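Below you'll find the structure, written out as structure tokens, and then a few comments.
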Amino acid sequence: MAGKKKPHNKPNFFEDVYAIVRLIPKGRVTSYGAIAKYLGAKMSSRMVGWAMHGAPRGVPAHRVVNRNGLLTGKHHFKTPYTMQRLLEKEGIQVFNDKIIRFSDIFWDPARELP
DNA sequence: AACGTGACACAGC
DNA sequence: AGCTGTGCCACGT
């Protein structure tokens, strides 16, 4: 039966975001805009952030920060320190909610992925 | 059904 | 060189 319409919205975009975030290697980080751009940059980076809001378990959302390398979403975690703690646990240095050497550990999906 | 908000990014001043 | 405004799309009220 192909007549099955979309039961809800189109989580396709969200699923894509989750897939990319899951591919982020340990010790690396990426930005919302990078993911949005990889998906076509049709949608604003805001949607990527919103997607993270519904990110299921297994998605290292802490490896996604804004283009500034700033932990803007740390407030959405269990605790405001969870994000930083996770990053530090992976070997990423964070100072003042800002990732040190951000451009050095930046992982661009459009560049690392085919 | 419309308005406002939001884990961003970029152009303009 | 930093601040303001606008664009983007989905979701909550």
Side-chain angles (χ1 to χ4, degrees):
Chain A
M1 38 192 306
K4 200 76 169 286
K5 286 202 241 169
K6 278 115 173 204
H8 277 129
N9 35 2
K10 20 226 221 113
N12 202 325
F13 162 67
F14 287 61
E15 292 279 327
D16 282 347
V17 174
Y18 302 148
I20 295 173
V21 174
R22 258 178 264 187
L23 291 173
I24 301 175
K26 186 176 137 193
R28 303 268 180 186
V29 289
T30 190
S31 68
Y32 304 98
I35 297 174
K37 192 171 255 205
Y38 177 76
L39 293 178
K42 290 138 202 308
M43 78 301 289
S44 318
S45 317
R46 288 188 174 173
M47 298 296 84
V48 179
W50 206 250
M52 301 268 93
H53 202 242
R57 225 172 81 218
V59 178
H62 61 272
R63 289 183 190 152
V64 185
V65 296
N66 72 343
R67 102 117 178 100
N68 240 339
L70 197 67
L71 280 55
T72 52
K74 70 170 193 178
H75 245 254
H76 286 250
F77 281 79
K78 190 91 183 325
T79 71
Y81 294 98
T82 305
M83 191 174 188
Q84 177 165 342
R85 189 174 298 144
L86 288 169
L87 289 171
E88 289 181 336
K89 197 174 351 190
E90 308 212 336
I92 299 173
Q93 295 178 301
V94 180
F95 180 71
N96 260 1
D97 301 337
K98 164 80 165 23
I99 295 181
I100 309 297
R101 253 95 90 173
F102 174 64
S103 44
D104 208 32
I105 63 175
F106 182 72
W107 184 81
D108 190 347
R111 201 163 120 143
E112 305 291 336
L113 292 178

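Quick caveat: nothing in here was measured; it's all calculated off a predicted structure. Below, chains carry the letters A, B, ... as their sequence lines are ordered, and counting in each starts from 1.
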Side chain of Met43(A) - closest among dA7(B), dC11(C), dC9(C): dC9(C)

Gap between atoms NE2 and P, on His76(A) and dA7(B) respectively (whole Å): 3 Å

NZ/NE/NH1/NH2 to OD/OE distance under 4.0 Å, Glu90(A) and Arg63(A): yes

Value in whole Å for how far the C1' atom of dA7(B) lies from NZ of Lys74(A): 13 Å

Length of the line joining Asn66(A):CG and dC10(B):P, which is rounded to integer Å: 11 Å

Between P of dA11(B) and CZ of Arg67(A), the distance in whole Å: 11 Å

Nearest to side-chain heavy atoms of Phe77(A), which nucleotide of dA9(B), dA7(B), dA10(C): dA7(B)

Length of the NZ-C1' vector between Lys98(A) and dA7(B), whole Å: 17 Å

Nucleotide nearest His53(A) (side chain, heavy atoms from C-beta), chosen from dA9(B), dG6(B), dA7(B): dA7(B)

Which atom of Trp107(A) lies closest to which atom of Leu23(A), heavy atoms considered: CZ2-O, 3.8 Å

P spacing across the pair dG4(B) / dG5(C), given as an integer number of angstrom: 16 Å

For atom CZ of Phe102(A) and atom P of dA9(B), their distance in whole Å: 8 Å

With a 3.5 Å cut-off and sequence neighbours excluded, list the donor-acceptor pairs that the side chains of residues 65-72 of chain A form with protein atoms.
residue: Asn66(A); atom: OD1; partner: Asn68(A); partner atom: N; Å: 3.2
residue: Asn66(A); atom: OD1; partner: Gly69(A); partner atom: N; Å: 3.0
residue: Asn66(A); atom: OD1; partner: Leu70(A); partner atom: N; Å: 2.7

Side chain to side chain contact (heavy atoms under 4.5 Å, CB included) partner of Val64(A), chosen from Ile24(A), Val29(A), Val59(A): Ile24(A)

Tyr38(A): ring-ring contact (aromatic ring centres under 6.0 Å, His included) partners, not counting sequence neighbours: none

Separation of atom CZ in Phe13(A) from atom C1' in dC11(C), rounded to whole Å: 14 Å

Among dA10(C), dA7(B), dA9(B), the one nearest Met47(A) by side-chain distance: dA10(C)

Integer-rounded Å distance: dA10(C) P and Met52(A) CE: 16 Å

Nucleotide of dG7(C), dC11(C), dA9(B) approaching Trp50(A) most closely (side-chain heavy atoms): dC11(C)

